[in-house]
Amino acid sequence: MPDIESLLKEKRVFKPDPAAARAANWNRKTVDAHRRLGERDPQRFWAKMAREHVSWFSPWKKVLVWKPPFAKWFVGGKTNVSYNCLDRHLEGEHGWRRNKAAIIWEGEPGDQRVLTFGQLHREVCKFANVLKSQGVKKGDRVAIYMPMIPELAIAMLACTRIGAPHSVVFGGFSAEALRERINDVGAKLVVTADGGYRRGEAYALKPAVDEALRGCKGVESVVMVQRTGQPTNFVAGRDRWWHELMEDASADCKPAKLDAEHPLFVLYTSGSTGKPKGILHTTGGYLTHVTTTSKAIFDLKEDDTYWCTADCGWITGHSYVVYGILANGATTLMYEGVPTHPGPDRFWDIIERHRVSIFYTAPTAIRTFIRLGDEHPKKHDLSSLRLLGTVGEPINPEAWMWYHRVIGGKRCPIVDTWWQTETGGIAITPLPGAVATKPGSATLPFPGIDAEVLGEDGEPVEPPNGGLLVLRKPWPGMLRGIWGDPKRYREQYWSKFPKTYFAGDGAHRDGDGYFWIMGRVDDVMNISGHRIGTMEVESALVSHDEVAEAAVIGRDDEITGTAIVAFVTPKGNATPSDALKVALRNHVTRQIGAIAKPKEIRFTDALPKTRSGKIMRRLLRDIAAGREQVGDTSTLEDYSVLAKLRDSDEG
Ligand code: WTA
C-alpha cells in the first residue's frame with residue numbers, strides 16, 4: 001500500500017475540460033447545489049434524487065426511519081427494479097428506447113448478441129413466469145451461479161420483477177463455497193449453466209452445482225442454460241433446461257408492486273472471520289443510489305455505449321453492469337471472458353469494434369495491461385472513449401497516469417470510485433463535470449454522503465494524518481444488515497464508533513479535503529480487487545488432513561495488488577514438500593475458489609505467537625516482504641525463533 005509520504009508527493013491536478021464540463025449531466029452549478037443540499041438536509045437531497053431518477057407506483061410516506069444501526073428508506077413507497085430498468089423505457093416519454101440496445105454481449109469465442117430494451121423486457125417477463133412455474137414466490141430466494149452471459153442479467157431482473165431476492169455466486173467460486181452460500185441464504189431454486197468459456201476453453205459449472213446440492217434439502221429445482229453444449233449430468237425431477245422452460249413461458253408478467261424496503265438481493269462478501277457475510281440490499285433506496293450515481297458519475301448520455309468489465313458475481317456487476325445503467329436507459333456491454341484471449345488486446349478490440357464511450361475497470365487489470373505493453377492498445381482506435389473509471393482497490397498514481405495517457409488519450413476524465421459491497425453504490429468519487437482529479441485519489445464524497453477520516457478517539461484527524469474511513473450518516477444504498485445475523489452486523493460495522501458506519505479501510509485527506517484510500521485495516525485482503533478474508537483461507541488450509549496450523553497474510557504484488565502468502569505448520573507425520581504445496585493450493589481452490597489460492601506457501605515448525613497465543617501477523621508480513629533474513633525458504637523453517645529474537649530485542 002502506498003504510504004502517506006509518497007502520496008503527499010503527488011501534486012498533479014487535472015481540471016475538467018470546460019466544454020465537456022458544460023455538457024455534463026451534472027455541471028459545476030448542479031454539483032454545488034447538490035452538495036449544499038446534501039450537507040444541509042441529506043434526506044431532502046436523496047428524496048429529490050428518488051423523485052428524479054426512479055419511477056414509483058406509490059409515493060413514500062417517510063424518507064428515512066433511522067434507528068441506528070437499522071435504516072429504512074422511502075418508507076411506504078412502492079416500486080419495482082425491473083420496471084425501472086425495462087418497462088419505463090418502452091412507454092411514454094422514453095418509449096422510443098424499445099428498439100435501443102440494452103445489452104450488447106460478446107462471448108469469449110467471439111459470438112455476439114444484442115438485446116434491445118423491448119427484447120430484454122420480453123425475456124425477463126418470460127423468465128419471471130418460469131420462476132413462478134417452478135414455485136418461486138415473492139420473498140423466496142434464488143441462487144444464481146452462471147458465466148457472464150445475458151441470461152445472468154435476465155435471471156437477476158426476473159427475480160426483481162416478482163420480488164424473489166437473488167443471491168449471485170461468482171462462477172469462479174467452488175462447490176463448497178456455493179453450498180455454504182445456498183444454505184445460508186436458504187435458496188429454493190438455482191439458476192446455472194452447463195458451463196462457460198474462459199481462456200479459450202469451455203469450463204464446466206454444473207458439476208459444482210451437483211456437488212453443492214448433495215445433501216442440501218432446500219433447493220427444489222435447478223434451471224440450466226445450455227451455453228457450451230458439453231455433456232452434462234441431469235437429475236430427473238430436479239433439473240430443467242432454460243430453453244425448454246422458456247419455450248412455453250408467457251411473455252406477460254406484471255411487475256410486482258414492492259415495498260421500498262423489500263429485500264432485493266443478498267451478496268456474500270468476505271469478512272474478518274471464516275464465514276462470509278450475506279450483505280442484504282433492499283429495493284427503493286438501492287435503486288435510487290445506483291441510478292443517481294450512474295447518471296452523475298458516468299455522465300450517461302442517450303448515445304453512450306458503456307462497458308464495465310466486472311462480473312455480475314460481484315457488487316460492481318450488480319450496481320454498474322446491470323441495475324444503475326439499465327435504469328438510466330443506457331446501453332451496457334457485457335463480456336464473458338478474460339482480457340487476454342485470443343490476444344492481449346481483446347479489451348481494446350472490443351472498445352474499437354463497439355465504439356465504447358465509457359469504460360470502467362479495476363486497477364489490477366490496468367497494471368496487467370501496463371505489463372503487457374503499450375503496443376496492444378496502440379494497435380486500436382480508442383477515440384470513441386470519453387470517460388474512464390476505476391474501482392476495487394487503490395490505484396497507484398503511475399497506473400492512473402498510464403490509463404490517462406495510453407487509454408484515455410489524455411482527453412478522458414478518470415473517475416476513481418470508492419465504495420463497497422456494503423455501500424451498495426459509489427460513495428467517494430470525482431464528478432466529471434465539476435471535480436478536478438489527482439492521480440491516486442478518489443477525491444470527494446458524493447453529495448449526500450458524509451464521509452470522514454477518524455482517529456481511534458473518534459475525532460476527525462488533521463490532514464494529512466491517516467485514520468479510519470467512516471460514513472457518519474445513513475445513505476439510501478446502504479446495506480440493511482447481514483443475512484440472518486443482526487449481531488454481527490452491529491459489531492462489524494457500527495461498534496467502533498457510535499452511530500457511525502466503519503468501512504474497514506484506512507484513509508487520509510489532503511489540504512483540499514480529498515480522500516486517499518490506503519487499503520483495508522482489518523484481516524481482509526484485496527486480491528485483484530476482490531475481498532478475501534485471511535481467516536477464510538486459514539480455515540480452508542487447516543481443513544486439509546496434513547495441516548496442523550496456518551497463518552495467512554497479504555503481501556504487496558505488482559499486478560494483483562496483494563498476493564496471498566500462507567505460513568503452514570504441517571502435522572507431525574506430514575512431510576513438507578513441493579507436492580504438499582501443490583496439494584494445499586488445490587485444496588484451497590476446491591474449498592473457496594482459484595482467487596483464494598495462495599501465491600506462496602512457506603512451511604514452518606511453529607508460528608510466531610505472542611505470549612497470549614496471538615499469531616504475530618506483523619512479523620509474518622515482514623518476512624513475506626523480505627524484510628527479515630530467514631535464509632533458505634525451501635526447507636522447514638522455524639519462524640517462532642524470530643519471534644523470540646524480536647521479543648528479546650524489544651526487551
Ligand atoms: C477497496 C467493490 C481504493 C476498499 C466495489 C473497499 C477501493 C473494498 C476502491 C470493497 C477505490 C474499492 N480506491 N480502494 N476506488 N474501491 N476499494 O466490497 O478496500 O468488493 O473496502 O466492493 O475495495 O470491495 P468490494
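Indexing begins at 1, ligand by ligand and atom by atom, following the structure's order.
Among Glu393, Arg531, Glu422, the residue whose heavy atom sits closest to atom 11 (C) of ligand 1 is Glu393. Comparing Trp314, Trp419, Trp516 against atom 12 (C) of ligand 1, the shortest heavy-atom distance belongs to Trp419.
Ring geometry for Tyr320 versus Phe298: interplanar angle over 60°, hence perpendicular rather than tilted (30 to 60°).
Relative to the ring axis of Tyr514, Lys438 places its NZ or CZ within 45° and under 6.0 Å from the centre.
Not a single N or O atom of Thr269, backbone or side chain, sits closer than 3.5 Å to an N or O atom of ligand 1. Considering backbone and side-chain N/O of Gly392, one or more are found under 3.5 Å from N/O of ligand 1. Checking only distances, Thr316 never comes within under 3.5 Å of ligand 1, N or O to N or O.
Between the side chains of Ser357 and Asp304, at least one donor-acceptor pair of N or O atoms lies under 3.5 Å.
Close approach of ligand 1 to Asp505 is summarised as follows: ligand atoms under 4.0 Å from at least one heavy atom of the residue are 4 (C), 6 (C), 19 (O), 21 (O). Set against the non-hydrogen atoms of Thr417, the atoms of ligand 1 under 4.0 Å away are 9 (C), 11 (C), 15 (N), 16 (N). In summary, the atoms of ligand 1 found under 4.0 Å from a heavy atom of Asp416, numbered by their order in the structure, are 11 (C), 13 (N), 15 (N). Counting the atoms of ligand 1 from 1 in the order shown, those under 4.0 Å from a heavy atom of Val391 are 5 (C). Below 4.0 Å from some heavy atom of Asn526 lie the following atoms of ligand 1, by number and element: 1 (C), 23 (O).
Aromatic ring centres of Tyr489 and Trp483 lie farther apart than the 6.0 Å criterion allows. Tyr493 has its ring centre no less than 6.0 Å from the ring centre of Phe502. Checked against the 6.0 Å centroid criterion, the rings of His289 and His53 do not qualify as a close aromatic pair.
Regarding atom 3 (C) of ligand 1, its nearest protein heavy-atom neighbour is Pro394 N, 3.1 Å. The shortest contact between atom 18 (O) of ligand 1 and any protein heavy atom is with Thr421 OG1, 2.6 Å.
We find the CG-NZ distance between Asp184 and Lys277 to be 13.0 Å, quoted to the nearest 0.5 Å.
At least one donor-acceptor pair closer than 3.5 Å links the side chain of Glu108 to the backbone N or O of Arg199.
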